[in-house]
Protein chains: 2
Amino acid sequence: MRKRATAREVAEAAGVSKWTVIRAFTPGASIAEESKRKVLEAAAALNYTPNLLARSLATNSTNQVAVFVDDFANPQKLPFLETLTERLQAEELVAVLININTHFDHVHALLHADQRQVDAVILFGTAFRSETLSDLQLGRGTPPMFVLARDSQIEGVPAVTCDAELALREIVDHLFERGYRRPGFMTGATVLSTALRRRQHFVDFWKEKGVDGVSVFSAEKYSADAGAEAVRSYLKQTDPADRVDVLMCENDILALGAMDEIRGRFGLRVPEDMAVVGFDNYELCGSSAYSLTTYEQPRQEMVEVIVGMVTGQLEPETVTLPGALIVRQST
Amino acid sequence: MRKRATAREVAEAAGVSKWTVIRAFTPGASIAEESKRKVLEAAAALNYTPNLLARSLATNSTNQVAVFVDDFANPQKLPFLETLTERLQAEELVAVLININTHFDHVHALLHADQRQVDAVILFGTAFRSETLSDLQLGRGTPPMFVLARDSQIEGVPAVTCDAELALREIVDHLFERGYRRPGFMTGATVLSTALRRRQHFVDFWKEKGVDGVSVFSAEKYSADAGAEAVRSYLKQTDPADRVDVLMCENDILALGAMDEIRGRFGLRVPEDMAVVGFDNYELCGSSAYSLTTYEQPRQEMVEVIVGMVTGQLEPETVTLPGALIVRQST
DNA sequence: TTTCTGTTTGCTACCGGGTGCAAACAGGTG
DNA sequence: CACCTGTTTGCACCCGGTAGCAAACAGAAA
């Protein structure tokens, strides 16, 4: 098992200096046709390609972007990751996927990303308090950070999100139009700004319509089971006459779990007895088994904008993009 | 925006040489308590941490593992990615997620991984022909490769998979026991060895039971829609009397799509008119809306084994691990 | 032939660390 | 005090590239 060939070795083989070899591999460098040919031949023979690690060290740019993820329960992450990696790779960048969990928190991860000299950090659906950041005493050499699909709570860290206000307005309009008047909202466990925003808008817009008192309850976490359990305890505790007639869930996974429980264990009909709305438009929402009304985030555009900011083609600033209401049978 | 502090700067601040600084950050290095304290103090003041990029270049090990993924339609990838990144991070390794697609194929990706000097490449659910590898003329300096959750078709590249033979035997035994006698099998589009293996075992085991002639048809790709469409055309073309009484799908996503179509558009009952079996035990399979009988891959163990091989704690060799049949209402 | 200008090439210095050896510095012993 | 041994520290050189300057080499003009 031989090692990779180096520029020096190629230089020797081609009878030139190592700098000429490097020029042959630098687009637009000043090099004679003849020597370029010689070098490329020798390089091909030795199977030489430049070592990106060494290049990164010298140029101070790794072409690597750290992507922090902390919630793998939401299947919506997967298409996002697909789009994100694809766009990054189109820009010659590569994603370093960092799993934020109890053993590896944001501070750890950020330090790590900094030590690896990544060009940028994308907080994909994760967020941390600004104190965490200042704890690090970073913010000087730190790679630029961007938040994707969640509000940024940190000064100077832009976020790219789906327009929650618009989304919730469309949803509430739709529900009002369909005649629902006793709305409920199910949140996930964590007290996240994005979640709070959605809830707040939901409550506010109903108030605008003259409907006060949205029932709000919370699931343990963002999973189908947790959604089911939250609905179960709600339905058990609530007199049938007092029940909501439409339940908006913070994301699709909660909604699907909720729907199962509503129809399965309680034998209620969706949407006749209780309508359900989700958020994200996860693939299976469209299946005839669920046919869930939901709201689609503009994934492609969000990714394009954030990658644009990462590459510097776009000004880094918080951007909210309009999504699309997908009306199905569940409302 | 200052740059990161370097060992040299810390050395100056602490009044020692840069090598002493490095020793202070090298576990087990020979350094006096007193100077270590001085160095660490100075380092803390300057917010110094070693530059992993430079270290990688010098030590010839990046602690990065490239993970190739080419099928983001299967939500099962997500929990696998979660487990994988978690285990890798526990070993001080980090995953570089590479999206294999038409714009960025295996050859490209492998070359890239090699140029970045990753410590290993994990082909997660992807596979390529050995000719592709030899095309590259690599195999000398190339990082060691491992295949996860798919058969390896390449000599010397070990794979960690779920035991397909055992799985299919259990499934067929279960189905036979339940009285099904007209089995069908739905594959995804691609002609993958893993798919072929599953199908072959399925056919073989039925033959052992005295049941010849398994109906086999194929979906366009691995998605719920494709599964639905494949079933639609099958049901349209097949006389009700000739239809299979149980349909095994190559993975859960196909199965869920198939189930939707069977029940929704054709108004058939599952499992009475046609039973359905999936593969993977994706979270939503357990929901009451589907309650799909499926087979769970031993995710945790598979990941542990492959990470063990990556770190060198385990001998690199092809390993198949037993999964578990999950019997639900769909059979 | 000399001079000038533009291209090509080589070189030094550097990116931020790691390795192995040799010198310097202990502390204990004869 | 010389001597030996073990620890600590400094150093030259290396990892594989990149940047920018200066020398060498053209070819054309004077």
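Chain letters run A, B, ... following the sequence lines, proteins first, then strands; residues in each count from 1.
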Colleague: Near DNA chain D, counting only heavy atoms under 4.0 Å, which residues of residues 51-61 of chain B show up?
Modeller: B:Leu57, B:Ala58
Colleague: For B:Ala159, does its backbone N or O pair with a side-chain atom of B:Thr318 as donor and acceptor, under 3.5 Å?
Modeller: yes
Colleague: Do A:Asp119 side-chain atoms and A:Asn63 backbone N/O form a donor-acceptor pair below 3.5 Å?
Modeller: yes
Colleague: Taking it one step at a time, do A:Gln297 and A:Gln76 satisfy side chain to side chain donor-acceptor pair (under 3.5 Å)?
Modeller: CA-CA 10 Å; A:Gln297 301 199 44; A:Gln76 189 59 12; over 6 Å; no
Colleague: Check every strand shown and say whether A:Tyr48 touches a base, only sugar-phosphate, or nothing at a heavy-atom separation below 4.0 Å.
Modeller: sugar-phosphate
Colleague: Could you tell me how far apart B:Phe25 (CZ) and C:dG16 (P) are, to the nearest whole angstrom?
Modeller: 15 Å
Colleague: What I want to find out is whether A:Arg37 reaches A:Glu33 closely enough, with some N-O distance under 4.0 Å, to be called a salt bridge.
Modeller: no
Colleague: Whole angstroms only, please: what is the CD-C1' distance between B:Glu33 and D:dG6?
Modeller: 17 Å
Colleague: Between residues 15-24 of chain B and DNA chain D, which residues have a heavy-atom gap below 4.0 Å?
Modeller: B:Ser17, B:Trp19, B:Thr20, B:Arg23
Colleague: Would you mind reading off the distance between B:Arg116 atom CZ and D:dG16 atom P, rounded to a whole angstrom?
Modeller: 17 Å
Colleague: If the threshold is 4.0 Å, N to carboxylate O, is there a salt bridge linking B:Glu34 and B:Lys38?
Modeller: no
Colleague: To the nearest Å, how far apart are A:Glu34 CD and D:dA26 C1'?
Modeller: 15 Å
Colleague: Rounded to whole Å, how long is the line connecting atom CG of B:Asp114 with atom P of D:dG16?
Modeller: 13 Å
Colleague: Nearest whole angstrom, please: distance from the P of C:dG16 to the CD of A:Gln117.
Modeller: 8 Å
Colleague: Looking at OH of A:Tyr48 and CD of A:Glu9, how far apart are the two atoms once the value is rounded to the nearest 0.5 Å?
Modeller: 10.0 Å
Colleague: Check whether any side-chain N or O of A:Ser35 sits under 4.0 Å from OP1 or OP2 of C:dT9, and answer yes or no.
Modeller: yes
Colleague: Rounded to whole Å, please give me the gap between CZ in A:Arg8 and P in D:dC15.
Modeller: 6 Å
Colleague: side-chain hydrogen bond (donor to acceptor under 3.5 Å, both in side chains) with B:Thr83: which of B:Glu304, B:Gln300, B:Arg299?
Modeller: B:Arg299
Colleague: Can you measure A:Ile31 atom CD1 to C:dG10 atom C1' for me and round it to whole angstrom units?
Modeller: 13 Å
Colleague: Ignoring hydrogens and geometry, is there a side-chain-to-backbone donor-acceptor pair from A:Gln89 to B:Asn99 under 3.5 Å?
Modeller: yes
Colleague: Is the backbone of A:Pro50 close enough, under 3.5 Å, to the side chain of B:Gln115 for a donor and an acceptor to pair up by distance?
Modeller: yes
